[in-house]
Amino acid sequence: MEWRRGQTIGRGSSATVSIAACCSSGEIFAVKSAELSCSELLQREEKFLCSLSSPHIVSYKGCDITSENHKFMYNLKMEYVAAGTLIDVIRKKGGGLDEAMIKCYTQQILQGLEYLHSSGVAHCDIKATNILVGDTGAKIADLGCAKWVDSDSDLTETMGGTPMFMAPEVARGEEQSFAADIWSLGCTIIEMASGGSPWPNISDPMSVLYQIAYSGRTPDVPEYLSHQAKDFVGKCLQRDPKERWTVRQLLKHPFLEEFRYVKNQNFLDNNSPTSILDQGVWNSIEEVSETSNDVFGLQTKYSSSCPDQRITRFLSNSRVPNWTCEETWITIRDIVTMKRNTIELANQ
């Protein structure tokens, strides 16, 4: 498939995310790229994404290898999600969400985890920066640290994630399974409520890991949450993984029983920042994204099949930031297509 790479909309420790357009259909999607020689995590993520299909998981659009600026690039093509990451939403709301919004996003994250766990996959890095928010709500993204549980696959042995969100058994290097995702969910709820880290008084990753692994403590739950919310988080943050509730148990918890999805909820906000879809295994505690003010406010509603017309409409839209200082759109052909065309020419 021939496609065009546009503006860089996010950077992680191991890959860069760009907006892209298919030259034949004009479809807009996100492409996550890394130099082929450094693309192990990206290729790992592709192995998971290509086998999954759920409205609560960012969808897979394909992958290819391209030659750009004298470098071979590995490209993972994914659904373009409109409103950025959950951490962007939290920051826009002033550093914390109200309990109704926390219930809403928690329900949707759990639905994504229910699908992953029933498929035998542990995500291993649940946190607000790995949750994308679109017009239909929250979707789990970034499966670079994921693993198959109880499988003979070669994608079972690694342990990874972000130290602040690691479960005690993971911090001790003992195991990483479905229960570790539940601990991370509890930390993410604290992040949604407070707008900050689940361990706010510790900044060094190694100190965080030691505290989580051996102190016997759990993260503090904000006092202003309701009794039901505190109980829900407490079920997630049991230090013994066998004592933590499962996804299905949590979906039946009273905290979510009264949850009602508001159809008119405006998930897409005009000033929604950009997402970062990839973070490395040992990210620093404070993550910085390079964002453009409103690129995710651009909904893919244009019906033109010509990429140039779609791009022109993007650029002419008054809500679009000035991209003249950024890289221009580059037409991309994957290596397989180029080789096939070369062979066809040679045979003529």
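Everything numeric here is computed off the predicted structure, so don't read it as measured data.
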**Request:** Could you tell me whether the side chain of S33 reaches within less than 4.5 Å of the side chain of R5, counting heavy atoms only?
**Result:** yes
**Message:** With rounding to the nearest 0.5 angstrom, report the CH2 to SG distance, W245 to C236.
**Reply:** 9.5 Å
**Message:** If hydrophobic clusters are built by linking Ile, Leu, Val, Met, Phe, Trp and Tyr wherever their side-chain heavy atoms come under 4.5 Å apart, do V170 and M206 end up in the same one?
**Reply:** yes
**Asked** Above 12 or not: heavy atoms from other molecules or residues under 6.0 Å from CD of Q249?
**Response** yes
**Item:** Residue pair D142 / T129, side-chain heavy-atom distance below 4.5 Å
**Value:** no
**Prompt:** Do the side chains of L86 and I109 get nearer than 4.5 Å, heavy atoms only?
**Reply:** yes
**Request:** Go through the steps for W183 and L237 under the test side chain to side chain contact (heavy atoms under 4.5 Å, CB included), then give the verdict.
**Result:** CA-CA 5 Å; W183 175 281; L237 296 181; 3.7 Å; yes
**Asked** So how far is it from L116 CG to L110 CG, rounded to the nearest 0.5 Å?
**Response** 11.5 Å
**Request:** Report the distance from atom NZ of K77 to atom CZ of F29, rounding to the nearest 0.5 Å.
**Result:** 5.5 Å
**Message:** In terms of relative ring orientation, are F255 and F232 parallel, tilted or perpendicular, with 30° and 60° separating the classes?
**Reply:** tilted
**Asked** If every non-hydrogen atom of P241 is compared with every non-hydrogen atom of E175, which pair is closest and at what distance?
**Response** CG-OE2, 3.8 Å
**Fill in**
In terms of heavy-atom contacts, D181 and C124 come closest through OD1-N, 2.8 Å
**Prompt:** Would you call R248-E114 a salt bridge at under 4.0 Å N-O?
**Reply:** yes
**Any donor-acceptor N or O pair under 3.5 Å, side chains S226, E99** = yes
**Request:** Give the intermediate values and the outcome of side chain to side chain contact (heavy atoms under 4.5 Å, CB included) for residues Q107 and L251.
**Result:** CA-CA 7 Å; Q107 171 96 1; L251 283 168; 4.2 Å; yes
**Asked** Transitively linked via ILVMFWY side-chain contacts under 4.5 Å: V233 with V247?
**Response** yes
**Prompt:** Where do L49 and L143 land on the side chain to side chain contact (heavy atoms under 4.5 Å, CB included) test, with the steps shown first?
**Reply:** CA-CA 7 Å; L49 277 184; L143 278 78; 4.1 Å; yes
**Request:** Mark yes or no for whether K139, through its side chain, and G134, through its backbone, hold a donor-acceptor pair below 3.5 Å.
**Result:** no
**Item:** Matching residue for M192 among V89, I102, I131, I87 - test: side-chain contact (heavy atoms from CB on, under 4.5 Å)
**Value:** I102
**Complete:** Between I190 and P219 the two heavy atoms that sit nearest each other are CD1-CB, 3.6 Å
**Prompt:** How about N130 and H123: does a side-chain donor come under 3.5 Å of a side-chain acceptor?
**Reply:** no
**Prompt:** Do Y60 and E79 get their side chains close enough for a donor-acceptor pair, meaning under 3.5 Å?
**Reply:** no
**Message:** Donor-acceptor check, side chain of S215 to backbone of R217, threshold 3.5 angstrom: yes or no?
**Reply:** yes
**Message:** Quiz question: by atom type and distance under 3.5 Å, do the side chains of W199 and D220 form a donor-acceptor pair?
**Reply:** no
**Prompt:** Sub-3.5 Å donor-acceptor pair from the side chain of E257 to the main-chain atoms of H253, do we have one?
**Reply:** no
**Asked** Using 4.0 Å as the upper bound for N to carboxylate O, is an ion pair formed by R239 and E169?
**Response** no
**Prompt:** Does F165 offer a backbone N or O that forms a donor-acceptor pair with the side chain of S184 under 3.5 Å?
**Reply:** yes
**Message:** Between M73 and L36, is there a side-chain heavy-atom distance shorter than 4.5 Å?
**Reply:** no
**Message:** Is a donor from one side chain sitting under 3.5 angstrom from an acceptor on the other, for T66 and N75?
**Reply:** yes
**Prompt:** Can you find a pair of side-chain heavy atoms, one from M164 and one from C187, that are under 4.5 Å apart?
**Reply:** no
**Asked** When you measure from the side chain of Y115 to the backbone N and O of S53, does any donor-acceptor pair fall under 3.5 Å?
**Response** yes
**Message:** Ignoring hydrogens, what is the shortest heavy-atom contact between A15 and K32? Give both atom names and the distance.
**Reply:** CB-CG, 3.9 Å
**Message:** Taking the six-membered ring for Trp, are W148 and F48 closer than 6.0 Å centroid to centroid?
**Reply:** yes
**Message:** For Y210, I'd like to know if atom OH has over 12 heavy atoms of other residues, nucleotides or ligands within 6.0 Å.
**Reply:** no
**Message:** With clusters defined by side-chain heavy atoms of hydrophobic residues (ILVMFWY) lying less than 4.5 Å apart, directly or transitively, does V208 cluster with Y214?
**Reply:** no
**Prompt:** Can you name the closest pair of heavy atoms from V121 and H117 and give their distance?
**Reply:** O-CD2, 3.3 Å
**Item:** Backbone N/O of A213 and side chain of R172: donor-acceptor pair under 3.5 Å
**Value:** yes
**Asked** Under 3.5 Å, is there a donor-acceptor pair between the side chain of T85 and the main chain of D88?
**Response** yes
**Asked** Ignoring hydrogens and geometry, is there a side-chain-to-backbone donor-acceptor pair from R44 to A146 under 3.5 Å?
**Response** yes
**Item:** Salt bridge D98-K93, side-chain N to carboxylate O under 4.0 Å
**Value:** no
**Prompt:** In Å and rounded to the nearest 0.5 Å, what is the CG to CG distance from L225 to D231?
**Reply:** 12.0 Å
**Asked** Side-chain donor-acceptor pair under 3.5 Å between T162 and K127, yes or no?
**Response** yes
**Request:** Supply the atom-to-atom distance L113 CG to T106 OG1, rounded to the nearest 0.5 angstrom.
**Result:** 10.5 Å
**Item:** Intermediate values then yes/no, side chain to side chain contact (heavy atoms under 4.5 Å, CB included), I9 and T16
**Value:** CA-CA 8 Å; I9 57 176; T16 299; over 6 Å; no
**Asked** Taking the side chain as C-beta and beyond, is there a heavy-atom pair between H56 and I140 under 4.5 Å?
**Response** no
**Fill in**
All heavy atoms of I28 vs all of Y80, minimum pair found to be O-CB, 4.0 Å
**Message:** Determine whether a donor-acceptor pair (N or O, by modelled atom type, separation under 3.5 Å) exists between the side chain of E46 and the backbone of C63.
**Reply:** no
**Message:** Let me confirm one number: the CD-CG distance from E35 to N69, rounded to the nearest 0.5 Å.
**Reply:** 10.0 Å
**Request:** Would you mind checking if K235 and E243 are paired as a salt bridge, meaning a charged N to carboxylate O distance below 4.0 Å?
**Result:** no
**Prompt:** Does A179 offer a backbone N or O that forms a donor-acceptor pair with the side chain of S177 under 3.5 Å?
**Reply:** no
